[in-house]
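Every chain is numbered from 1, with letters handed out A, B, ... down the list of sequences. This structure is a prediction, so every number in the text was calculated from the model and none was measured.
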Amino acid sequence: MKIASWNVNSLNVRLPHLEQWLRDARPDVVGLQETKLEDAKFPDSALAALGYRSVFAGQKTYNGVALLARDRAIEAVQVGIPGFEDEQKRVIAATIDGVRVVNLYVVNGQDVGTDKYAYKLRWLAAVEAWLEHERRAHPDLVVLGDFNIAPDDRDVHDPAVWNESHILTSADERAALQRLLGLGLHDAFRLHHTQGGIFSWWDYRQAGFRRDLGLRIDLTLVSDSLRDRAVASGVDREPRTWDRPSDHAPAWVELRRRD
DNA sequence: ATGGTAGTAAGACTA
């Protein structure tokens with residue numbers, strides 16, 4: 001089962017890219033972020049035409065998440081973090097083929113020390129408390145999404161700029177990510193790749209992609225029980241080369257069948 | 001880089 005995460009930065013603009021990529025990559029499950037669409041405008045019938053069912057939690061202009069599954073039921077859908085009041089649509093979770101899939105659009109945080117940064121850390125603490133429960137309820141757990149945190153220096157093009165006091169790489173953000181991993185989750189990409197310089201996001205500004213000035217902030221985390229089933233993982237750079245692309249590329253993990 | 005580009009939506013906000 002191939003499970004992917006993609007921040008599409010407006011599904012309205014990116015629907016043709018998503019359709020093309022679904023045909024090319026044939027993922028079984030996809031978590032989307034930044035759909036920027038109200039639910040009434042979600043293109044569920046266009047996706048159904050490609051064989052994908054979808055569930056979604058959107059809002060106008062900002063945020064918005066969705067889960068897609070090909071030829072599989074999407075069950076026990078949860079929107080938002082239980083008990084955490086938040087108008088921003090950043091979380092959707094569901095059970096697909098016995099795997100609990102949690103799709104996160106982590107708060108960006110703007111700059112270290114801002115109100116948005118404090119919200120990011122608060123939000124991550126709430127996610128941690130929730131996932132503590134989720135991993136006990138669902139041993140086969142995948143947590144994926146746009147984490148807006150680069151795990152370590154291999155995941156940034158310039159560690160001198162992207163340092164312990166910079167947004168997306170700050171000490172507090174990385175510590176929050178480590179606490180999620182401490183629940184018994186593993187960055188699937190690092191199960192199969194040790195090299196640095198593989199990125200999933202490149203700033204639109206200053207020709208970031210052409211110069212490969214990127215970060216790896218789109219992650220697929222797998223639980224202990226799924227670790228041995230994770231046989232391959234990667235980031236698919238190709239859609240980032242297409243005309244009028246998202247600033248993010250899809251990140252994916254392949255799980256082999258249960259024994 | 002107190003810039004830069006893109007999306008939304010019609011000027012500023014978010015990333």
Side-chain angles (χ1 to χ4, degrees), chain A residues 5-21 31-43 46 56-66 80 86-92 103-124 127 144-151 155-170 172-174 176-177 199-219 235-251:
Chain A
S5 173
W6 194 8
N7 179 324
V8 292
N9 186 20
S10 171
L11 186 51
N12 202 30
V13 172
R14 231 65 68 189
L15 180 60
H17 283 198
L18 177 61
E19 292 173 319
Q20 186 61 48
W21 183 73
L32 301 176
Q33 306 88 34
E34 285 206 88
T35 55
K36 298 186 177 178
L37 281 176
E38 293 172 292
D39 290 348
K41 297 185 176 177
F42 193 89
F56 36 88
Q59 65 186 92
K60 193 185 280 195
T61 311
Y62 301 118
N63 309 309
V65 286
D86 195 351
E87 308 217 324
Q88 302 190 19
K89 301 297 189 193
R90 298 180 171 277
V91 176
I92 191 166
N103 177 23
L104 303 177
Y105 174 43
V106 175
V107 176
N108 174 284
Q110 192 174 48
D111 274 307
V112 173
T114 62
D115 289 349
K116 292 193 178 73
Y117 183 75
Y119 165 53
K120 181 176 196 171
L121 297 181
R122 237 181 14 254
W123 190 93
L124 285 164
V127 166
L144 57 76
D146 175 358
F147 279 71
N148 269 317
I149 303 170
D155 303 311
V156 309
H157 66 90
D158 186 352
V161 171
W162 298 93
N163 61 30
E164 69 285 346
S165 49
H166 200 289
I167 194 68
L168 312 190
T169 53
S170 74
D172 287 340
E173 292 167 87
R174 281 178 165 168
L177 177 59
F199 307 130
S200 67
W201 170 82
W202 300 260
D203 202 308
Y204 285 124
R205 295 164 287 192
Q206 298 171 319
F209 183 67
R210 183 177 59 72
R211 300 158 68 203
D212 202 20
L213 306 180
L215 305 181
R216 190 175 68 89
I217 56 177
D218 299 274
L219 310 178
V235 178
D236 186 355
R237 290 171 57 100
E238 206 205 318
R240 190 62 175 81
T241 70
W242 296 344
D243 187 49
R244 207 178 177 194
S246 169
D247 45 350
H248 295 254

*Separation of the P atoms in B:dG3 and B:dG7, to the nearest angstrom*: 23 Å
*Sequence neighbours left out, what passes side-chain hydrogen bond (donor to acceptor under 3.5 Å, both in side chains) with A:Glu238? Give chain and number order.*
A:Trp242
_According to side-chain hydrogen bond (donor to acceptor under 3.5 Å, both in side chains), who are the partners of A:Glu38, at least two apart in sequence or on a separate chain?_
none
*Mark up nucleotides 5-15 of chain B, 5' to 3', with B wherever a protein heavy atom is under 4.0 angstrom from a base atom, S wherever such an atom reaches only the sugar-phosphate, and - elsewhere.*
BSSSS---BSB
*A:Asp158 CG: over 12 foreign heavy atoms closer than 6.0 Å*: yes
_C1' atoms of B:dA10 and B:dA6, separation to the nearest Å_ = 16 Å
*If you measure from the P atom in B:dA1 to the same atom in B:dC13, how many Å do you get, rounded?*
24 Å
*Check side-chain hydrogen bond (donor to acceptor under 3.5 Å, both in side chains) between A:Lys89 and all other residues, then give those that pass, not counting sequence neighbours.*
none
_Test of understanding: with ring pair (Phe, Tyr, Trp, His ring centres under 6.0 Å), list the residues that count as partners of A:Phe42, not counting sequence neighbours._
A:Phe56
*With sequence neighbours left out, what residues match A:Tyr62 under side-chain hydrogen bond (donor to acceptor under 3.5 Å, both in side chains)?*
none
*For B:dT14 versus B:dG4, give the span between their C1' atoms, rounded off to a whole number of Å.*
15 Å
